[in-house]
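Side chains included, hydrogens not; waters and symmetry mates left out as well; all remaining heavy atoms used. Only a predicted model underlies this, so the values are computations on that prediction, with no experimental measurement involved.
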Amino acid sequence: MSARILDGKALAQKIQQELAAKIPNLQAVKGRSPGLAVLMVGDNPASAAYVRNKERACAKVGITSFGQHFPTEATQAQLERAIKECNQDDHIDGILVQLPLPSHLDSVALLNQIDPDKDADGLHPMNLGRLVRGEPGLRSCTPAGVMKLLEAYEIDVAGKQAVVVGRSILVGKPLALMLTAANATVTVAHSRSRDLPSITRSADLLVAAIGKPHMIAADMVKPGAVVVDVGINRVVDAAGKARLVGDMAFDSVAEVAGSITPVPGGIGPLTVAMLLHNTVLSYERSDTFFD
Ligand code: NAP
């Protein structure tokens with residue numbers, strides 16, 4: 001392997017240590033610790049693991065968790081009520097609805113109920129609008145984690161060709177906006193893009209947020225490119241053992257790329273770190289507002 005590894009896990013630990021060091025001083029002034037409410041519905045094991053992970057990370061840095069776990073059959077009205085209570089609770093700075101929700105619930109309608117200044121996931125239309133306008137606000141965690149990693153490794157994207165494969169509201173679209181704000185020339189590719197390999201080969205910075213294991217092969221990558229793998233896919237190997245892999249064919253892409261993020265240990269831990277960062281940002285600003 002010739003590529004440099006961009007170590008998201010180590011950076012996430014550093015961000016969490018910085019938050020842990022900063023919270024006691026703020027707490028002395030505010031008279032309370034920061035609070036994050038994670039609302040989960042049903043028993044999806046992957047979601048339960050993500051929620052546990054977030055609550056553990058909160059405990060480590062000094063954020064109080066106000067988790068609420070609803071049964072699968074919880075109603076839209078119950079969830080709306082819970083969000084309203086969190087919006088009004090002065091001990092809660094960040095609110096997150098763990099996705100995906102059971103299909104009878106309207107997740108977009110629920111996300112829209114969250115107070116934009118407590119929107120720890122940065123997915124409320126107000127915060128997405130602030131991102132479009134280049135105004136301060138809460139940024140969605142995964143793309144913010146990608147930008148943090150680039151910054152930490154002093155990878156300047158200004159004037160560079162960036163290709164983001166994936167156009168979801170969760171990752172691809174907000175990341176394209178953040179890269180544009182950092183003066184990259186951005187192309188967003190998706191399932192209807194023609195001749196994807198020729199698009200990805202033009203990238204100085206290639207980001208995959210697709211959800212297809214090993215889809216980006218070495219011959220789709222420009223030699224020396226910075227490669228960021230957002231994908232998290234569970235695969236079962238020949239021995240029947242489950243493991244997580246990204247959207248890049250890691251071993252072969254790492255022979256061509258200049259820098260690469262691993263999966264796991266890349267963008268995943270940074271997403272959690274940025275969630276904590278957003279919660280603390282709302283806590284710091286809890287007596288003021290973003291606009
Ligand atoms: P998503 O909503 O399913 O979006 C996937 C995107 O990939 C879509 O825009 C889709 O195009 C595009 N796509 C699918 N097949 C393609 C193909 N053959 N060629 C080109 N583009 C293709 O997924 P997401 O929520 O953005 O998540 C993407 C991946 O990132 C998943 O593996 C997810 O688990 C992972 N993820 C990781 C983190 C983290 O913390 N690291 C956070 C969030 C998500 P269309 O729009 O045309 O359908």
Step-by-step salt bridge (Lys or Arg N to Asp or Glu O under 4.0 Å) determination, Arg130 to Asp117: CA-CA 12 Å; Arg130 286 166 171 159; Asp117 291 321; 3.6 Å; yes

Backbone N/O of Ala57 and side chain of Gln16: donor-acceptor pair under 3.5 Å: no

Pair Lys84-Glu80, salt bridge (Lys or Arg N to Asp or Glu O under 4.0 Å): steps then yes or no: CA-CA 6 Å; Lys84 200 170 170 197; Glu80 279 177 11; over 6 Å; no

Exam field: side chain Asp229 to backbone Asp247, donor-acceptor pair closer than 3.5 Å: yes

Working for side-chain contact (heavy atoms from CB on, under 4.5 Å), residues Asp7 and Tyr153: CA-CA 9 Å; Asp7 188 344; Tyr153 280 91; 3.4 Å; yes

Side-chain donor or acceptor of Arg234 paired with backbone N/O of Ala46 under 3.5 Å: no

Exam field: side chain Asp204 to backbone Ala225, donor-acceptor pair closer than 3.5 Å: no

CA sep, side-chain torsions, deciding dist, call: Asn233, Lys212, side-chain contact (heavy atoms from CB on, under 4.5 Å): CA-CA 7 Å; Asn233 309 289; Lys212 299 248 153 75; 5.6 Å; no

Backbone N/O of Pro116 and side chain of Asn127: donor-acceptor pair under 3.5 Å: yes

CD1 on Ile267 to CG on Leu11, rounded to 0.5 Å: 9.0 Å

Side chain Tyr283, main chain Arg32, donor-acceptor under 3.5 Å: yes

Exam field: side chain Asn278 to backbone Ala120, donor-acceptor pair closer than 3.5 Å: yes

Short side-chain donor-acceptor distance under 3.5 Å, Lys54 and Gln98: yes

Taking every non-hydrogen atom, the tightest pair across Pro34 and Ile23: CD-CG2, 3.7 Å

Any donor-acceptor pair under 3.5 Å from Ser2 side chain to Glu255 backbone: yes

Backbone N/O of Leu101 and side chain of Ser107: donor-acceptor pair under 3.5 Å: no

Under 3.5 Å donor-acceptor, Thr75 side chain and Gln78 backbone: yes

